[in-house]
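These notes concern the structure reproduced below.
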Amino acid sequence: MTTPHISAPSDAFAATCLLPGDPLRAKFIAETFLEDVTCVTSVRNMLGFTGHYKGQPISVMGTGMGMPSCVLYSTELMESFGVKRLVRVGSCGAIHESLKLNDVIVAHSASTDSNMNRRQFAGMDYSSAASPRLLQKLLNYVDTQALPVAVGSVFSTDHFYGSAPEQLKTLQQMGILAVEMESAGLYAAAARHRAQALTVLTVSDNLIHQTQLTPQEREAGFSTMIEITLNALVG
Ligand code: HPA
């Protein structure tokens, strides 16, 4: 099966696929956490892998950054490769005072400044929400393990460098936890395909205090989030 951006046998992906933005993160996740790993696609170096975690088949594939790229890969995975559960694992900039660098967030919903969802929703505002079942699964796991994971709303922006202070204030007034660039598009794409989607994020930047993780801290924090996500999914 070949789609414009993925070249792999039609059964190459597991029903559950983790989606980091960075293809080298996908490689790191596959090599660090999965067993019996095969690289199943590498078109444009957007690497995808399938392996097993605690005996269950799991895939992991990079999506690139931003909603157009994330939605494009997710759509092809759902339409042509039978992926049914899409779990974005990424980083975000925190804007809520309760959050610290390295904290893990689960996005129950995602607002956006993008026009992507309106274009496929007759100009109206679609309410981008996580799959309740996937969210429940993750929360059950973190509650049983007493892990400090924040749950709330995120903001998916098209502008990495465009967060003016007054815009951040508006987001804060609505209780939004953090800013990232993919979830609103991913949640809508999953809804359209009757698939399940969830986003789990590590706080890599604090947009209020202008602090950020070092590359080494990013890697450690990222691994914690992946372990939580994989254990919740196979539980
Ligand atoms: N903005 C958007 N996406 C992000 C950020 C940010 O500040 N940090 C990590 N992902």
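Atoms within each ligand, like the ligands themselves, are counted from 1 in listed order.
The two residues Ile95 and Ala178 come nearest to each other via the heavy atoms CG1-N, 4.0 Å.
Heavy-atom contacts of Ser204 reach the following atoms of ligand 1: 9 (C) (cutoff under 4.0 Å). Atom numbering of ligand 1 starts at 1 in the shown order; those under 4.0 Å from a heavy atom of Gly93 are 5 (C), 8 (N), 9 (C). Close approach of ligand 1 to Met181 (heavy-atom distance below 4.0 Å) involves ligand atoms 2 (C), 3 (N).
A distance of 7.0 Å separates CE of Met67 from CE of Met181, quoted to the nearest 0.5 Å. Rounding to the nearest 0.5 angstrom, the gap separating the CG atom in Leu19 from the CD atom in Glu182 is 10.0 Å. Ser131 contributes atom OG, which lies 14.0 Å from atom NE2 of His108 (distance to the nearest 0.5 angstrom).
Residue contacts with ligand 1: Asp205 is placed with a nitrogen or oxygen under 3.5 Å of a nitrogen or oxygen of the ligand (distance criterion only).
Nearest non-hydrogen protein atom to atom 6 (C) of ligand 1 is Phe160 CE1, 3.8 Å. From the protein, the heavy atom lying nearest to atom 7 (O) of ligand 1 is Leu207 CD2, 3.3 Å.
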Check residues 70-77 and write down every donor-acceptor pair under 3.5 Å in which the side-chain atom is one partner and the other belongs to a residue at least two apart or another chain.
residue : atom : partner : partner atom : Å
Ser74   : OG   : Cys70   : O            : 2.6
Thr75   : OG1  : Val71   : O            : 2.6
Glu76   : OE1  : Thr3    : OG1          : 2.6
Glu76   : OE1  : His5    : N            : 3.1
Glu76   : OE2  : His5    : ND1          : 2.7

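Using modelled atom types, one finds a donor on one side chain and an acceptor on the other under 3.5 Å when comparing Ser98 with His96.
Contacts between Ser91 and ligand 1 below 4.0 angstrom, taking non-hydrogen atoms only, involve backbone and side chain alike.
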